[in-house]
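Since the structure is predicted, the reported quantities are computational estimates derived from the model, not experimental observations.
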Amino acid sequence: MDKKFIYIKTEKTAGTSTQVIFSKFIDACDKDSVIKSKADEHQYANDILKIVGEEKFSSFLKFANVRNPYDMLV
């Protein structure tokens, strides 16, 4: 079964813990599974779209953590 997902890491929302949990679902040999830039670990979805391309981005499940949506709105 393919696990096709994109985790969009946001700031201050337990992002590293989430990465650890979901890293168990990534095949270590599949270089296309992980796109990570140490220089800019917290990327916008639009930036990730440019990296992976429209076809992959459209077909993959995308998710992120949000600590408190109301605080982000304010």
Side-chain angles (χ1 to χ4, degrees):
M1 182 170 101
D2 290 334
K3 285 94 178 163
K4 295 183 177 185
F5 62 87
I6 296 172
Y7 173 60
I8 302 169
K9 187 174 181 183
T10 57
E11 294 181 13
K12 305 294 183 192
T13 58
T16 301
S17 297
T18 303
Q19 281 180 309
V20 169
I21 291 167
F22 282 96
S23 67
K24 298 171 186 166
F25 298 104
I26 297 172
D27 182 357
C29 298
D30 186 2
K31 294 178 183 174
D32 288 336
S33 294
V34 179
I35 297 170
K36 186 174 181 181
S37 169
K38 283 288 187 188
D40 190 11
E41 195 170 53
H42 302 96
Q43 296 177 326
Y44 291 106
N46 194 40
D47 296 331
I48 297 169
L49 172 104
K50 291 175 187 173
I51 294 168
V52 300
E54 179 115 18
E55 185 177 331
K56 271 189 183 179
F57 193 84
S58 307
S59 64
F60 283 32
L61 169 72
K62 287 142 315 267
F63 64 99
N65 298 357
V66 178
R67 182 163 287 184
N68 185 339
Y70 179 75
D71 283 345
M72 292 187 74
L73 180 66
V74 173

*For Thr13, enumerate each residue passing the side chain to side chain contact (heavy atoms under 4.5 Å, CB included) test, keeping only those at least two apart in sequence or located in another chain.*
Thr10, Asn65, Arg67
*Any side-chain heavy-atom pair from Gln43 and Ile51 closer than 4.5 angstrom?*
yes
*For Glu54, does its backbone N or O pair with a side-chain atom of Lys56 as donor and acceptor, under 3.5 Å?*
no
*asked:* Under the rule for side chain to side chain donor-acceptor pair (under 3.5 Å), what residues qualify as partners of Ser59, not counting sequence neighbours?
replied: none
*hydrophobic_cluster_shared for Ile21 and Leu61, side chain cutoff 4.5 Å*: yes
*Counterpart residues, side chain to side chain contact (heavy atoms under 4.5 Å, CB included), relative to Thr16 (two or more places apart)*: Lys9, Gln19
*asked:* If the condition is ring-ring contact (aromatic ring centres under 6.0 Å, His included), which residues does Phe57 pass it with, not counting sequence neighbours?
replied: none
*List the steps, then state whether side-chain contact (heavy atoms from CB on, under 4.5 Å) holds for Tyr7 with Thr18.*
CA-CA 9 Å; Tyr7 173 60; Thr18 303; 3.6 Å; yes
